[in-house]
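Here is the structure we will look at, set down as structure tokens.
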Amino acid sequence: MPRSVPTICPYCGAGCGFYVNVEKGRATNIEYMADHPASEGALCSKANASLEVLYHPDRLLHPVKRSGDQLTRISWDEALEAAARGLAGTLRRFGPDAIGILSSSKCSNEENYLIQKLARLLGTRNVDNCARLCHAPSVVGLNRSLGAAGMTNPFADLANSRCIFVIGSNLAENHPVMSRWIHKARSKGAIVIVADPRRTPTSWMADHFLQLGPGTDVALINAMASVAIEQGLIDRQFLDLWTCGYQELKSSVKDCTPSWAEGITGVPAEDIVSAAQAYAASPASSILYSMGITQHTTGTDNVQALANLALICGQIGREGTGLLPLRGQNNVQGACDMGALAEFYPGYRRADDPSSIEHFRQAWSASDLPVGRGLTATEMIDAAADGRIRAMYIVGEDPVNSEPHGGHTITALESLDLLVVQDIFMTATASHADLVLPAAAWAEKEGTYTSTERRVQWSCRAVDPPGEARTDLQIVCSLGKRLGLPLDYPDASAVLAEINRLVPAYQGITRDRLGPGGLIWPCPSVNHPGTPILHSSGFKTADGRATLLPVHYRPPAEKPSERFPFTLTTGRIALHHNAGSMTRRSPSLMQRAPNLFVEINPADAARLQIEDGDDVEVSTARGRTRAAARTTGRVSPGVVFMPFHFPGTNILTPDARDSQAGIPEFKVAACNISRSD
Ligand code: SF4
């Protein structure tokens with residue numbers, strides 16, 4: 001009998017649900033989930049093509065090990081023994097800080113929980129996930145300002161917004177199903193403001209489009225705050241009741257006039273004033289942002305500036321308001337909730353707080369656990385390059401393509417004594433590994449995933465993994481046992497039961513309660529309905545108040561120069577996802593978006609005698625890559641754009657990082673561009 005199995009999309013953080021139809025043990029097609037609360041039966045091109053990836057002939061079918069330049073098939077027994085022996089040897093010879101572990105925001109909550117537990121039981125502090133490359137500034141900045149880092153309101157609540165401010169997010173391409181909620185709000189009269197260095201499909205929805213220069217967000221946001229204050233559009237009652245630090249904030253933005261901001265951002269002062277008035281004066285305004293805000297040396301400042309704006313205008317804690325950080329990967333929110341982060345144990349308990357450590361030491365019956373912040377994903381690459389890290393275990397991540405300055409990443413990984421990679425394909429990173437462990441894909445395993453809405457959903461197993469591939473949960477438990485660690489769980493439900501006990505926001509999110517649409521955390525008890533809107537009765541801080549934290553404009557780390565006269569900015573397109581390890585294996589997506597391109601303004605192209613479609617070379621201080629030129633008015637003169645789904649883009653991006661959240665500055669690099677002859 002054919003079966004319809006409910007699963008969660010393996011791509012972006014929107015968390016759309018769909019059914020995989022299965023006949024005779026094989027997934028035959030996808031069926032839409034009309035009653036899903038966020039996606040309402042819609043899916044974008046990537047999810048529609050996801051079965052092409054599941055059955056791609058490149059799937060890894062058995063473990064392999066490197067012998068010289070050759071990869072040789074080995075048994076699971078040999079692979080696990082070699083991985084355990086290598087990690088134990090590193091531990092013995094160099095200590096726990098010589099081991100780095102990258103968890104995966106493609107994996108379920110239960111798998112992330114186990115990966116960070118394995119790391120900490122092993123004694124290393126160095127565990128992180130790709131949130132470091134997308135929303136670490138949201139984790140740091142929103143926790144600091146509001147006491148919680150999650151998206152404050154669900155997508156469906158955008159229908160209640162009267163003004164929607166989208167900044168640094170091309171959600172019409174990157175979270176396309178969710179942009180439907182903006183269209184719905186617009187059709188009911190909501191005003192839409194979009195701020196972005198590019199004229200993207202998202203900007204086509206805008207009543208106010210602010211085309212700011214890359215990396216100038218703080219100047220724009222502070223100027224909007226200044227207008228709101230000067231024109232008396234702030235919410236005094238809300239400020240008095242629920243915030244602290246208003247006077248300091250007010251003096252910090254006093255000189256951030258619209259004309260001052262025009263000089264920095266390039267946005268006309270009158271447009272800044274109109275946008276600020278629209279946002280501040282509306283009865284319910286929401287802010288949506290994504291990696292255009294976070295992937296900067298000022299990523300945390302950008303997030304805090306947005307939090308300041310929302311707070312002074314009282315646009316938070318109610319229907320139609322709030323701050324909505326749009327997470328990139330499908331379980332990046334969950335990976336952070338589960339403590340797969342250098343700074344936090346599960347439930348955002350600080351890794352440098354001895355009481356957190358004692359809590360988990362007792363819960364896990366561990367004799368000792370590491371205290372203190374570990375190295376972030378990007379810092380682990382640096383530490384591998386200089387010999388502080390000697391062994392890495394990388395689950396479902398492809399740092400060769402996703403970290404900045406790709407040449408440096410390859411050199412670092414090749415310096416390791418041991419690199420174990422666990423994935424569904426032979427990624428660029430896996431091709432440098434000593435051991436490659438074949439993992440199951442999303443539809444071949446079960447467990448929970450937490451979308452950007454904080455919606456925790458159960459994804460069911462539809463089909464068996466191919467060949468000898470195993471679930472990440474099975475592999476981590478087997479590896480843990482070989483290392484003598486108490487990681488013995490029969491299935492995801494058993495792990496979730498432990499999460500229920502140890503992560504307060506997940507306490508009431510038990511397996512039997514997870515029907516269609518799941519539950520939105522915090523859900524502190526089994527009778528609790530979940531919490532779609534955060535901060536409706538105060539903030540998760542000691543005194544229940546949010547903190548206004550002044551931030552000041554700082555320019556990006558790299559400025560255009562004579563040698564590199566353009567500003568390169570990077571981002572995503574509708575038909576590919578992140579480092580592309582899955583979507584570049586989808587024939588239908590590749591047919592429509594086959595190669596790396598670079599957008600350049602027609603005036604710049606004419607000056608450089610570059611025509612649309614020409615093969616061009618883009619270079620930065622880190623390296624050079626080739627791409628097809630697209631001449632387009634989407635980018636301003638002096639700015640070029642490249643998507644980061646193809647090998648090549650992140651060869652160019654800089655090492656510079658946000659000092660507070662550790663995120664690299666993917667969004668601004670000084671570059672040159674010329675025709676390839
Ligand atoms: Fe999947 Fe995101 Fe597309 Fe929804 S919007 S179908 S979650 S990639």
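One is the number of the first residue; the rest follow in order along the sequence. Heavy-atom basis, side chains included; hydrogens, waters and symmetry copies ignored. All figures in this text were calculated on a predicted structure; none of them were measured in a lab. When a ligand or atom number is given, it counts from 1 through the structure's own listing order.
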Check: Would you call Glu110-Lys445 a salt bridge at under 4.0 Å N-O?
Finding: no
Item checked: Residue-atom pairs from the protein, N, O or S only, that lie under 2.8 Å from atom 4 (Fe) of ligand 1 -> Cys16 SG
Next item on the list: Evaluate the side-chain proximity of Leu326 to Phe155: yes if any heavy-atom separation is below 4.5 Å, no if none is.
Entry: yes
Notebook entry, point to check: Is Asp337 salt-bridged to Arg454, going by a charged N under 4.0 Å from an acidic O?
Noted result: no
Next item on the list: Taking only Lys NZ, Arg NE, NH1 and NH2, and the carboxylate oxygens of Asp or Glu, determine whether Glu343 and Arg132 approach each other closer than 4.0 Å.
Entry: yes
Check: Can you find a heavy atom in the side chain of Tyr11 that is under 4.5 Å from one in the side chain of Val53?
Finding: yes
Next item on the list: Verify the distance criterion only: is there a donor paired with an acceptor across the side chains of Thr202 and Asn170 at less than 3.5 Å?
Entry: yes
